[in-house]
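Counting convention: from 1, in listed order, for ligands and their atoms alike.
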Amino acid sequence: MTETDKKSREQESDAMKITVTKNGPYIVTGGVPLIQMEICNDDEGYCRTWREVKRFPVEETYALCRCGHSENKPFCTGMHAKIGFDGTETAGNEPWLRHPRIIRGPELELHDYENLCVHARFCMRAGGIWGLTEQSDNPEAREIAIEEACNCPSGRLVMKDRETGKVIEPDLEKSIVIIEYPPRGEHGPLWVRGGIPVVSADGKPYHIRNRLTLCRCGKSENKPFCDGSHVQH
Ligand code: FES
């Protein structure tokens with residue numbers, strides 16, 4: 001790729017944005033790639049890997065359903081108006097971002113933003129990410145703990161290297177992923193990857209993160225973010 005190509009690609013991705021509309025869909029602009037992915041289990045039944053199922057043709061602008069009632073998911077078909085969807089944004093000014101639960105192990109430090117859990121369950125393998133962090137002077141435990149944190153789509157789990165003080169983040173393509181989990185028949189949130197800005201209906205930008213998840217069932221009590229309400233307990 002030439003320098004000019006690189007620059008124009010960077011400019012294109014700078015233009016990417018997701019705007020929440022009042023009681024309506026997410027308006028996605030800037031040609032954001034839209035992908036459907038599934039969470040796959042390992043032989044022991046633990047969530048382990050992602051599988052890309054489908055890429056939608058790239059559109060400059062499109063509207064994604066957030067009420068959960070579209071007849072053509074993931075796109076909005078106007079059903080939100082017919083059902084009188086109340087999409088009031090309740091995420092506030094995200095004070096939780098300043099107060100994660102912190103687990104300090106010998107080499108790793110886990111920042112756990114519990115109210116962002118979307119039940120993707122990557123964190124449960126090998127005894128769970130919390131215990132693995134506490135044993136992070138064991139190379140195998142350390143490796144699994146990092147893998148589990150990086151697979152967490154919502155960014156509930158963020159791992160830091162204690163020696164360098166650096167946050168360990170996965171390198172993610174700027175894109176929106178529709179999460180599906182066939183083993184449980186769950187239709188998960190929209191996984192916003194690579195730091196795409198999300199702006200509220202009244203023009204307020206949310207904190208930009210490498211990983212975050214937006215509600216697409218309409219039931220979250222932390223709109224526009226997913227709070228795991230799509231999962232039946
Ligand atoms: S938000 Fe428009 S159909 Fe769901």
Side-chain angles (χ1 to χ4, degrees), residues 13 15-39 50 52-94 115-120 153-156 172-182 184-209 211-233:
S13 74
M16 291 180 181
K17 192 168 83 173
I18 299 168
T19 306
V20 183
T21 61
K22 193 177 175 197
N23 301 327
Y26 301 105
I27 302 295
V28 183
T29 49
V32 181
L34 182 63
I35 307 162
Q36 185 172 322
M37 288 178 106
E38 285 178 359
I39 297 171
W50 291 97
E52 184 172 316
V53 178
K54 161 176 186 180
R55 269 185 190 251
F56 293 81
V58 177
E59 301 280 353
E60 177 59 28
T61 301
Y62 51 92
L64 292 176
C65 173
R66 76 178 179 108
C67 73
H69 286 79
S70 166
E71 320 91 319
N72 184 33
K73 288 178 185 134
F75 302 104
C76 168
T77 54
M79 275 302 279
H80 58 272
K82 288 190 193 147
I83 62 158
F85 173 55
D86 177 1
T88 305
E89 289 166 80
T90 46
N93 61 359
E94 305 162 279
N115 61 344
L116 281 185
C117 187
V118 299
H119 308 299
S154 66
R156 165 188 171 174
L172 297 170
E173 172 192 5
K174 276 184 192 281
S175 53
I176 298 174
V177 170
I178 300 144
I179 298 178
E180 301 285 349
Y181 183 34
R184 287 199 182 210
E186 290 169 7
H187 308 290
L190 298 170
W191 181 15
V192 179
R193 312 192 306 170
I196 300 171
V198 179
V199 179
S200 73
D202 59 7
K204 184 185 67 136
Y206 286 102
H207 191 82
I208 293 178
R209 305 184 82 211
R211 300 172 275 156
L212 62 85
T213 40
L214 295 174
C215 171
R216 70 171 174 120
C217 70
K219 296 183 199 147
S220 172
E221 291 182 3
N222 189 35
K223 291 186 183 75
F225 303 106
C226 171
D227 70 350
S229 292
H230 58 278
V231 174
Q232 310 280 344
H233 289 287

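One of the N, O or S atoms belonging to C76 lies under 2.8 Å away from atom 2 (Fe) of ligand 1.
When atom types are taken as modelled, the side chain of T19 and the backbone of V199 share no donor-acceptor pair closer than 3.5 angstrom. Judged by distance alone, the side chain of R66 and the main-chain N or O of G87 form a donor-acceptor pair under 3.5 Å. Panel note: side chain S175, backbone P33; no donor-acceptor pair is recorded below 3.5 Å. Checked by atom type and distance alone, the side chain of K17 never pairs as donor or acceptor with a backbone atom of P197 at under 3.5 Å.
Residue contact check: H80 has heavy atoms under 4.0 Å from atoms 1 (S), 2 (Fe), 3 (S) of ligand 1. With ligand atoms numbered from 1 in the order given, ligand 1 contributes 2 (Fe), 3 (S) to contacts under 4.0 Å with heavy atoms of G78. Near R66, with a cut-off below 4.0 Å to any heavy atom, the atoms of ligand 1 are 1 (S), 4 (Fe).
Of the charged side-chain nitrogens involved, at least one lies within less than 4.0 Å of a carboxylate oxygen, so that R216 and E180 count as a salt-bridged pair.
Annotation: angle subtended at atom 4 (Fe) of ligand 1 by C67 SG and C65 SG is 100°, to 10°.
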